[in-house]
Every structure is written in C-alpha cells, then in structure tokens.
Number of protein chains: 2
Amino acid sequence: MPTALDRTDKALLAALQGNARLTVAELAESVSLTTSPCWRRVKILEESGIITGYQAVLSPKELGYGVTAFVSVMMESHSQEVARKFEQRLLEIPEIIACHNVSGRYDFLLEVVAKDLESFGEFAREVLQALPAVKEIYSSFSYKSVKPRRVVPVIG
Amino acid sequence: MPTALDRTDKALLAALQGNARLTVAELAESVSLTTSPCWRRVKILEESGIITGYQAVLSPKELGYGVTAFVSVMMESHSQEVARKFEQRLLEIPEIIACHNVSGRYDFLLEVVAKDLESFGEFAREVLQALPAVKEIYSSFSYKSVKPRRVVPVIG
DNA sequence: GGTGAAAGCGAGGACCA
DNA sequence: TGGTCCTCGCTTTCACC
C-alpha cells in the first residue's frame, strides 16, 4: 500500500503538516520546483490517500474546554455485535474527540473534552457509563499536552 | 479566556475543521455572508488563538506505519526537573506523535507509530526504556481507530 | 519526470452604511 | 457589525520538453 515517496514528496508532506494553507507557489519554492509539478504532486498525494484531508486545529482551552481526559473502557462482552453498536454510538458523541479499539486490560481508549471536572463527572456518569455493554471505565486527566500537534513522521 | 462566539463563528470553525482549504468565498457562502466580513472573522479567530493552525492530515497506514501504540509511562520521581528533562527529550522523538502528562497510575501517555510490531518492540526497548527516569512502561496497541479525525466540538 | 504561459478567481484591504 | 469594489497574485490547466 505505501506508495514510493521521494525526498520531494516527503518535503511537501512535512510542509503541509506544518501549514495546510501554504499556497502551491510557496510549496513549490520550498522544494525548488515550479508550481505545475508541485501542484501535480500534491494532487497525487491527496488521491493516493496519503493526505486524507486538511483541518483547522482548534484550541480546546480557548473554546472553553478546561479538561481533557483519557478514558479506558472495558466491555462486558467481546462479540462483534457489541463492539459495532458501541463504536456506532461513540461516533455520535462530540465530546469524544478520539477513540481507539485497543489491546490490553481495556478495550477502548477514548479522548474526551469537557468544560471542567464537574461537567466531566456528569458526562462520565450519564453518558459514558450508560453506553451499551460497558463493564468498567477508568479515567485519567491530562495535566498538560506535551506534544500538542500530532505530526506523523515522514522522514524514515 | 474563551471569547464570545456567535453562531456564525461556530459555523466557520466547524467548516474549517472539516476542510482547512476552503476558500473565503466558499466559507462566506456557507454562512450567508460576503467575503470581507467572513475573512475578517477568520482572521480574528486566528489571532485570538482559537484557530491554532492548519494541518494536512496524513494517513499513518499509507506512510508505512502499521502499528499505532499507546504507551503509559511511570516515572521514578515526580520532581519538576525530571519531568522537564523527560518532556524535552520526548519532543525530539518523531515516532511519538502525541504526549500528555496525566493523572492516575501512570505519569505520561504517549501515542507512538511504528512500521510493525517488531520495530515497535525495538523502539520500546531502545528508545522508550532508555528515556531518563523511566520506571515502568505499559503498551497497548490500537486495533482500529474508531474516530480517526479529531474534531473539537464547537456547538455548545 | 520537468517548464512556461494564459485565464480566471480568490485574498486582502480601503472605504462606506 | 456587514457590504461593495478594486487590485494583485495565485491557482489551475494548458501545450510542450
């Protein structure tokens, strides 16, 4: 699946991870190309699924979310059906900003934002615990985001 | 800190979280404004720190990273100095794509990408365990990203 | 793979209601 | 606040090397 990327493609990916609003002209200059081939490369990276989209990165703090929590969820059953229902339900809950089905003691790891600890408590009790087939949850709060910007390495 | 956002600002934020490359003209139409006031609003959202940046979202899979792991790290000490050194060191390691200082049994939660399980094992042994003042690590692997795109809710 | 050029459109600002 | 108009530069797509 991984398409062969040359040095130029990697430089473009790194640049666009840093700033998705760079113009093709700026990108082209940064990799010493003219705009046309640069534009074509970006299109190929988009169509091949390497670039899955472009996103404005928002500050949870500035939006009034003082609390970021990581919630580990243990399920009562491990049937396909239970997992499918659970996942479907998660997608509808905007406070859950990320979710992985994971190995280990717990089955899911959720990242949740809330206004403050009190509203997180309410959310945990009334929304998370009420999710189908949840056996146990364990919450861990983020004191500080040490790497706030998720950047996938392209060099290597 | 949270600036007062009206319905239009929220719509702009939602649109830009969905697609950071929307033109101002497209944005303006989606919120029934003309380009100038729309452009001004976006600038204000950027300057106020609500929009912290624009990022191309890349697919770890397509870049050859078959493994995403969540690594919980317990430290030997909880001194400021130890934490500071540890955090500084983390920032230099590109495979660690996210990191939070957290409450609970463990002190840090890292998100790590690797080519495959074997290379993750090597990374855990040679890089993670070798970090300063690490007492214990616990790794959990992602079988599947249920919510691949982190979107901070703006309605509320 | 790369260049250069043309047409159309958007960004960004000055100014008014 | 929002709207109009204007200009410059960029995007996008040619044909071609």
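Proteins come first, then strands; the chains are lettered A, B, ... in the order of their sequence lines, and each starts at number 1.
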Would you please indicate if the ring centroids of B/Y54 and A/Y54 are separated by under 6.0 Å? no

Quick one: list whatever passes side chain to side chain donor-acceptor pair (under 3.5 Å) with B/R150, sequence neighbours left out. A/E111

Exam field: side chain B/N101 to backbone B/D107, donor-acceptor pair closer than 3.5 Å: yes

Per the 3.5 Å Watson-Crick/G-U criterion and a run length of at least three, the stems involving DNA chain C are C:1-17 with D:1-17

Nucleotide C/dG13, atom P - distance to CZ of B/R41 in whole Å: 18 Å

List in numerical order all residues of residues 12-30 of chain A for which some heavy atom is under 4.0 Å away from an atom belonging to DNA chain C. none

Looking only at side-chain atoms of B/I44, point me to the closest of C/dT3, D/dG3, D/dT1. D/dT1

Looking only at N and O atoms, is any donor in the side chain of B/R40 or the base of D/dG2 less than 3.5 Å from an acceptor on the other one? yes

With a 4.0 Å cut-off on N to O distance, would you call B/R84 and B/E81 a salt bridge? yes

Among A/L109, A/I96, A/L110, whose side-chain contact (heavy atoms from CB on, under 4.5 Å) with A/V71 holds? A/L110

Does the ring center of A/F70 lie less than 6.0 Å from the ring center of A/Y138? no

Does a distance-only test, which skips hydrogens and angles, find a donor-acceptor pair under 3.5 Å between the side chain of A/S36 and the base of C/dG4? yes

Find the distance A/L33:CG to C/dT3:C1' and express it as a whole number of Å. 11 Å

B/E47 CD - C/dG12 P separation (whole Å): 12 Å

Return no unless some side-chain N or O of B/W39 is found under 4.0 Å from OP1 or OP2 of C/dA11. no

Do B/K144 and A/E87 meet the salt-bridge criterion of a basic N to acidic O distance under 4.0 Å? yes

Main-chain N/O of B/L90 paired to A/K147 side chain as donor or acceptor, under 3.5 Å: yes

